[in-house]
Amino acid sequence: MEKNSEKLHLRHCILHLYHCGSTGAEAARIIQDVYGKDAVNDNTCRRWFQRFEKGDFDLKDKKRGGRPQEIEDHELETLLEENPTQTTRELGQQLGVTNVTVSRRLNALGYNLSKKRRRIQNPDGS
């Protein structure tokens with residue numbers, strides 16, 4: 001399951017358990033029993049329950065302040081589709097950012113970075 005769709009699914013589970021009358025801690029335990037210990041923690045469920053208590057049932061991420069993203073994910077993925085053997089350094093040079101920035105975005109997108117010359121492996125393993 002893709003990372004964002006997995007997060008959204010877990011949020012739906014939290015909302016369901018909220019409507020069933022569970023507490024945040026109980027919801028976390030139930031979800032951990034089904035999806036594993038690292039799926040969600042108590043604090044996350046409690047924060048979602050607080051939002052629901054205020055009448056906010058929107059499960060999507062809120063816009064956050066802070067520094068804007070330096071590169072767009074679709075630009076990065078387009079470059080990878082054109083030449084999947086590029087290193088993070090080569091991608092960074094093309095995008096005008098550091099290889100560290102490229103690595104962080106790729107990790108967030110689910111790509112696996114091998115240590116040998118920072119070669120990139122698609123999320124599906126290819």
Side-chain angles (χ1 to χ4, degrees):
M1 197 182 303
E2 188 181 314
K3 192 174 192 175
N4 287 334
S5 62
E6 184 178 328
K7 277 178 34 176
L8 189 58
H9 174 71
L10 291 173
R11 290 173 184 177
H12 279 279
C13 293
I14 294 168
L15 177 59
H16 173 74
L17 292 167
Y18 170 80
H19 284 302
C20 289
S22 298
T23 66
E26 290 169 340
R29 269 194 307 281
I30 292 167
I31 292 170
Q32 289 169 353
D33 288 346
V34 175
Y35 295 100
K37 182 180 170 187
D38 295 328
V40 71
N41 65 44
D42 288 0
N43 289 336
T44 299
C45 286
R46 288 180 181 145
R47 275 194 307 274
W48 280 103
F49 273 49
Q50 288 172 353
R51 283 175 68 168
F52 301 152
E53 288 292 325
K54 294 176 185 173
D56 182 1
F57 295 97
D58 185 6
L59 300 177
K60 295 179 186 145
D61 288 329
K62 302 279 187 219
K63 290 280 184 188
R64 293 171 33 165
R67 188 173 178 191
Q69 195 170 305
E70 293 183 42
I71 56 176
E72 295 295 325
D73 294 341
H74 69 310
E75 292 177 274
L76 183 56
E77 291 184 304
T78 299
L79 288 173
L80 277 175
E81 288 171 11
E82 291 171 3
N83 181 1
T85 64
Q86 296 178 86
T87 64
T88 56
R89 183 160 311 212
E90 293 165 339
L91 289 165
Q93 288 170 346
Q94 293 175 64
L95 294 167
V97 297
T98 68
N99 63 315
V100 174
T101 298
V102 172
S103 294
R104 287 181 181 144
R105 290 309 316 142
L106 290 170
N107 280 328
L109 292 169
Y111 286 86
N112 181 20
L113 302 178
S114 67
K115 298 224 187 230
K116 187 178 180 186
R117 293 199 64 220
R118 300 305 267 171
R119 293 289 176 198
I120 301 153
Q121 188 176 27
N122 287 330
D124 62 7
S126 60

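None of the values given here were measured: they were computed from a predicted structure. The analysis underlying the following values was restricted to heavy atoms, covering all of them including side chains, and did not include hydrogens, waters or symmetry mates.
Ionic pairing of Lys7 and Asp61 is present here: one or more N-O contacts between side-chain nitrogen and carboxylate oxygen are shorter than 4.0 angstrom.
Among residues two or more places apart in sequence or in another chain, the side-chain contact (heavy atoms from CB on, under 4.5 Å) test is passed with His19 by Leu15, Phe57. Take Asp33 and apply the salt bridge (Lys or Arg N to Asp or Glu O under 4.0 Å) test, not counting sequence neighbours, and it matches no residue.
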side-chain contact (heavy atoms from CB on, under 4.5 Å) evaluation trace for Ile14 with Leu59: CA-CA 10 Å; Ile14 294 168; Leu59 300 177; over 6 Å; no

Full working for side-chain contact (heavy atoms from CB on, under 4.5 Å) between Thr87 and Asn99: CA-CA 8 Å; Thr87 64; Asn99 63 315; over 6 Å; no

Evaluate the criterion side-chain contact (heavy atoms from CB on, under 4.5 Å) for residue pair Asp56 and Lys62; output intermediate values, then yes/no. CA-CA 11 Å; Asp56 182 1; Lys62 302 279 187 219; 3.2 Å; yes

What do the steps show when you test Thr78 against Glu75 for side-chain contact (heavy atoms from CB on, under 4.5 Å), and what is the final call? CA-CA 5 Å; Thr78 299; Glu75 292 177 274; 5.8 Å; no

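Using a 4.5 Å cut-off between side-chain heavy atoms of Ile, Leu, Val, Met, Phe, Trp and Tyr, with links allowed through other members, Trp48 and Tyr35 fall into the same hydrophobic cluster.
The shortest distance between side-chain heavy atoms of Leu17 and Ile31 falls below 4.5 Å. When side chains are defined from C-beta on, Thr98 does not count as touching Thr88, because their heavy atoms never get closer than 4.5 Å. Counting heavy atoms from C-beta outward, Tyr111 and Glu77 have side chains that approach closer than 4.5 Å.
Counting non-hydrogen atoms of neighbouring residues, nucleotides and ligands closer than 6.0 angstrom, the NZ atom of Lys60 reaches no more than 12 such neighbours.
Applying the salt bridge (charged side-chain N to carboxylate O under 4.0 Å, His left out) test to pairs two or more places apart or on separate chains, those with a residue in residues 94-110 are Asp73-Arg105.
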